[in-house]
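Computed from heavy atoms alone, side chains included, the values below leave out hydrogens, waters and symmetry copies. FYI, the numbering just counts along the sequence from 1. Source: prediction; values computed, not measured.
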Amino acid sequence: MASPTCRLVSLVLCLGALAVLLAARGADAARAFFVFGDSLVDNGNNNYLITAARADSPPYGIDTPDHRATGRFSNGKNVPDIISEHLGAEPVLPYLSPELDGEKMLVGANFASAGVGILNDTGIQFANIIHIAKQLRYFEQYQKRLTALIGADAATRLVRGALVLITLGGNDFVNNYYLVPYSARSREFSLPDYVSYILSEYAQVLEHMYDLGARRVLVQGVGPIGCVPAELALHSLDGTCDPELQRAAEMYNPRLMSLLQDLNARHGGEVFVGVNMKRIHDDFIDDPKAYGFETATEACCGQGRFNGMGLCTMVSSLCADRDSYVFWDAFHPTERANRLIVQQFMSGSVEYIAPMNLSTVLAIDEELERQQQSTLP
């Protein structure tokens with residue numbers, strides 16, 4: 001019978017062999033992918049929290065292969081899932097999932113949490129959510145776990161070589177500044193000053209992300225927040241977008257792009273890539289039939305005017321053909337709309353994504369990786 005010392009040595013050798021195996025596999029695998037933000041990109045973290053901001057009950061997920069609600073705010077896949085397809089990788093797991101361990105860590109992680117914003121007081125009505133500062137703390141925690149798994153050098157390479165997606169801002173308007181008439185933030189700031197304030201806070205978030213190793217970050221702007229079914233139900237008689245919320249998006253997005261340009265100039269590269277989500281959505285909203293949609297005003301799942309009142313639940317009115325709707329519920333796109341959105345990520349012109357689209361990003365990064373590999377001994 002082997003002594004305890006022998007058994008310990010064997011265990012250490014096995015763990016070392018596992019680390020080498022995982023590191024080698026990581027070098028050959030699709031690049032890692034990290035996701036931060038709100039409900040547009042949350043893929044299940046809120047399932048593990050006691051919060052009202054969750055999508056873990058039917059009919060969410062009705063068009064997934066097993067028709068199961070996964071925590072995604074969609075009838076099927078969301079934007080990160082579809083980007084993962086283009087990366088040739090499996091979808092990243094929610095960071096809070098107990099399945100995120102071992103080899104799964106090499107794929108990346110999703111830290112997003114429905115209800116959050118740039119500001120920590122955004123989403124307080126949802127109680128227990130993962131504010132962006134905590135998402136970044138989890139990212140640090142992930143890197144420590146990754147280092148223990150594959151070693152410090154390999155972990156640094158994986159993070160620096162990863163693609164990152166961050167989606168914030170919409171809730172800072174919808175669920176903060178405009179949540180109620182004469183909200184605390186609207187009394188504190190005029191709209192231009194509020195935009196300046198949240199962008200100054202966002203700059204700190206993005207700088208922190210850079211300090212944590214992110215070197216290729218897709219930053220989504222704010223979509224047409226005045227056109228979502230929830231806002232139409234509150235403010236529109238005929239399906240016309242709410243002009244005040246649209247004014248907020250139109251003021252915010254160009255200034256976000258300017259911020260990203262400034263950050264890129266400071267860091268001497270094209271680290272941050274801005275995605276004009278409003279411009280992408282405007283195509284569907286201005287002419288839905290040109291994109292195969294029947295409606296861009298009615299939500300597929302909901303109740304009340306424009307199907308935009310309340311939550312999407314089992315007792316909601318549910319459309320039969322999800323592919324003919326831009327919006328799945330009061331705020332979030334259908335899987336088909338998400339696929340068209342990611343098409344613009346991949347091949348859109350600079351009016352949709354700048355300074356370059358994701359296909360160009362991936363081609364440039366692949367060539368840089370090939371050159372680096374060729375110089376290794």
task = Test the R54-Y60 pair against the cation-pi criterion, namely NZ or CZ under 6.0 angstrom from the six-membered ring centroid and within 45° of the ring axis.
result = no
Hits for ring-ring contact (aromatic ring centres under 6.0 Å, His included) against F306, two or more places apart or cross-chain, chain-then-number order -> none
### Message
Using a strict threshold of under 4.0 Å (side-chain N to carboxylate O), is an ion pair present between E250 and R247?
### Response
no
Sorted by chain and number, sequence neighbours left out, ring-ring contact (aromatic ring centres under 6.0 Å, His included) with F126 holds for none
In short, ring-ring contact (aromatic ring centres under 6.0 Å, His included) pairs touching residues 228-256 with sequence neighbours left out are F173-Y252
Quick note, salt bridge (charged side-chain N to carboxylate O under 4.0 Å, His left out) partners involving residues 225-242, not counting sequence neighbours, are none
Cysteine SG atoms at C301 and C319 closer than 2.5 Å: no
Would you call R370 and E367 a salt bridge, taking side-chain N to carboxylate O under 4.0 Å as the test?
yes
For this session: Could you tell me whether R72 and E335 have a side-chain N and a carboxylate O separated by less than 4.0 Å?
Result: no
Residue pairs meeting side-chain hydrogen bond (donor to acceptor under 3.5 Å, both in side chains), one or both in residues 267-277, sequence neighbours left out, come to E207-H267
In short, ring-ring contact (aromatic ring centres under 6.0 Å, His included) pairs touching residues 332-372 with sequence neighbours left out are F73-H332
For a 4.5 angstrom cut-off between non-hydrogen side-chain atoms, does L119 reach R185? yes
